[in-house]
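What follows is a short report on a single structure.
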Amino acid sequence: MDKILYMCTSGTILIAAVICFRYLFYHQVPKRFLVVLWIFALIRLLLPISIQVQRPVIHFREPAAQSHSQQADSGTSDRMNRKETLYMQSDDAGRTSVNAQKADVCKRAFAFAVWLAAASFLALKILIRHMRSRRIYSLSLPVCEEKAARWLNAHRSFRKVTLRKSELVKSPFTYGIFRPVILMPSGMELSEEEFQCIMEHEWVHIRWWDVLVKHMLYLTLCLYWFHPMVWVMAVLLNRDMETACDEEVVRKYSRSLKTAYALILIRLAEGCRDPIGPVNACFVGYSEIEERILIIMKTKKYSRKAAALAVGMLCCVATAFTVSAQETPEEVRKASESIETMETIETIEEDMAGDSINSNAAVRSKRKTSMEINNSAAAEQQELSAEAAASGQKMMSSENAASEQKALSYGGSEQIAELAEEYIGAAYRFGGTDLSSGVDSPGFVKAVYEKAGIELPDDMDGQAASGTEISLDELSAGDLIFYGETDESGRGYLSHEGIYNGKGQVIHASNMRDGVKASDLNYREISMAVRILK
């Protein structure tokens, strides 16, 4: 539905431009050129395809991004103080956003249902009328007169043209796209000159595929039944199509044919107020007969200036209304609105991660206190614990040896850093561990090392305890970098991590806006560095 509205907007501008051009230069340019302009409007309304042009990218949010990084460098104590308020605001905003989205979906569904019902009704009405007309056409008989045979022999085409007659029609017209048929009134006596005028007019319709244009026009009316400018275009296109044929026939023959042509139009227009079929190219219609006669009698040669004007207008239409930017206005609006939402979500997710780490630290503290209280009761099992620790160290050393062997088979820590760089640009998802659907900072480290055949714990503290802490002077590619923050009580905790690439940068899952990216090693305060592989 959004695409139809976007095409409708651009098509409306094009229709208005053609109407203005038609009003100002109607007698200065050939009428067939006006038909070509209307065809451009039909194509714009029917085809949802435009030539995409890359426009310059303007980072409107750059100052905000800089201030955000400066706030991260200076600390997060203010953010911790605003945590409860932020959660309440995000909860209310989330409920409001969900309700607004539901209401918007309901409105769109209702609008689409109304549009589809009206379009289907109009299409069915046109189709029924067309099928009734085809039944009438099937009762017609072939024209076997000598002048008809001569005309058909002189006007051959790769599409076989048939000439038929019927008592049920009052005006000549053409129907059929690939096998065109010229249907004539059977009870009408025509002179050689009148017959020639009518046949040449219909032949111009066939040569310019006007019946196909009529099909396109009625399809456009079904899709844009709600748009008054499209109905205005339908009326003007029908008139310009007939006058273009009149103009071409009169220019082809002598000046004396103008009078005969105008008289046959008046003669056939009597009692012919409504056309037989909706998608036929009719020779005469009651509404535009006066305009057509005036054009026939005032036909003149067009100057080179008129030709240049027509070509210039055609080029403007072809470039201005078939080229569009890569994003529709709806997409631009949604993108601009989503920037603020993403920043809020990013802050919330970082706070949630900090809360989770704080809760883990509190649990470990409680466990430690409990172990100190019960230390005396567990003294008698010290021997057994020592043996278990010895066996655990052996198992840990064997597991580390197996992990190092797998990593060496992959290629070592430098190849782990190269593997991490391959996933720059991957999506961010809080709690995610799948590189295809999204990862957070511990999930990214776990997924990369898992690709190298090394299993790491899911949580950040567990990953920090899986290796050996090293100094920043000993850093090499593949080492883990941990960043810390301080809670309200002044206790530090690990809040973020990444993989060192050996080039002064860390590869990490940053946030929902940036995803996985490379940042300077010291872009935040480093808490510790850990080497998984010795």
Side-chain angles (χ1 to χ4, degrees), residues 1-19 38-52 91-135 177 211-238 274-280 320-342 345 437:
M1 196 66 185
D2 292 339
K3 194 66 177 178
I4 291 179
L5 293 177
Y6 178 67
M7 293 162 55
C8 179
T9 302
S10 58
T12 301
I13 299 174
L14 180 53
I15 293 173
V18 176
I19 291 175
W38 291 125
I39 293 175
F40 268 101
L42 291 176
I43 294 174
R44 174 68 272 183
L45 291 169
L46 292 177
L47 294 183
I49 301 174
S50 300
I51 301 173
Q52 301 296 324
D91 191 20
D92 296 339
R95 292 195 187 97
T96 305
S97 177
V98 170
N99 294 333
Q101 289 178 359
K102 288 182 179 179
D104 186 61
V105 169
C106 293
K107 290 179 181 179
R108 288 174 179 271
F110 177 75
F112 178 76
V114 172
W115 169 82
L116 183 61
S120 302
F121 173 77
L122 182 59
L124 183 62
K125 183 178 179 181
I126 294 174
L127 181 61
I128 292 175
R129 185 179 176 188
H130 180 63
M131 296 304 295
R132 288 177 179 175
S133 301
R134 297 288 291 191
R135 277 205 306 268
I177 299 175
V211 178
L212 176 60
V213 176
K214 286 242 181 176
H215 280 79
M216 295 171 57
L217 175 61
Y218 278 89
L219 177 59
T220 307
L221 288 174
C222 292
L223 295 177
Y224 299 93
W225 54 266
F226 56 89
H227 201 325
M229 294 287 286
V230 176
W231 292 95
V232 172
M233 178 186 67
V235 175
L236 296 179
L237 174 57
N238 281 320
D274 297 321
I276 293 293
V279 290
N280 303 325
F321 297 99
T322 58
V323 174
S324 65
Q326 287 186 350
E327 294 179 344
T328 63
E330 182 69 17
E331 293 171 343
V332 173
R333 182 183 66 81
K334 289 181 179 180
S336 62
E337 291 178 355
S338 65
I339 291 176
E340 296 290 343
T341 305
M342 284 186 175
I345 293 175
S437 61

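This is a predicted model, so every value here is computed, not measured.
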What one should report as the nearest heavy-atom pair of Ala119 and Cys222 is CB-O, 3.1 Å
Between Tyr224 and Trp231 the two heavy atoms that sit nearest each other are O-NE1, 4.2 Å
Enter the distance from [X]:[atom1] to [Y]:[atom2] here, rounded to the nearest 0.5 Å.
X      : Y      : atom1 : atom2 : value
Met216 : Leu46  : CE    : CG    : 5.5 Å
Leu237 : Lys214 : CG    : NZ    : 8.0 Å
Ser133 : Ile128 : OG    : CD1   : 12.0 Å

Side chain to side chain contact (heavy atoms under 4.5 Å, CB included) for Asn238 and Leu217? Distances and angles first, verdict last. CA-CA 9 Å; Asn238 281 320; Leu217 175 61; 4.2 Å; yes
- prompt: Quick check: does any side chain N or O of Tyr218 sit under 3.5 Å from a backbone N or O of Ile126, one acting as donor and the other as acceptor?
  reply: no
For residues [X] and [Y], determine if any side-chain heavy atom of one lies less than 4.5 Å from a side-chain heavy atom of the other.
X      : Y      : value
Val18  : Leu236 : no
Val230 : Trp225 : no
Leu219 : His215 : no

The side-chain contact (heavy atoms from CB on, under 4.5 Å) partners of Leu116 (sequence neighbours excluded) come to Phe112, Ser120
Residues at least two apart in sequence or cross-chain that pass side-chain contact (heavy atoms from CB on, under 4.5 Å) with Met229, listed by chain then number, are Thr12, Ile15, Ala16, Ile19, His227
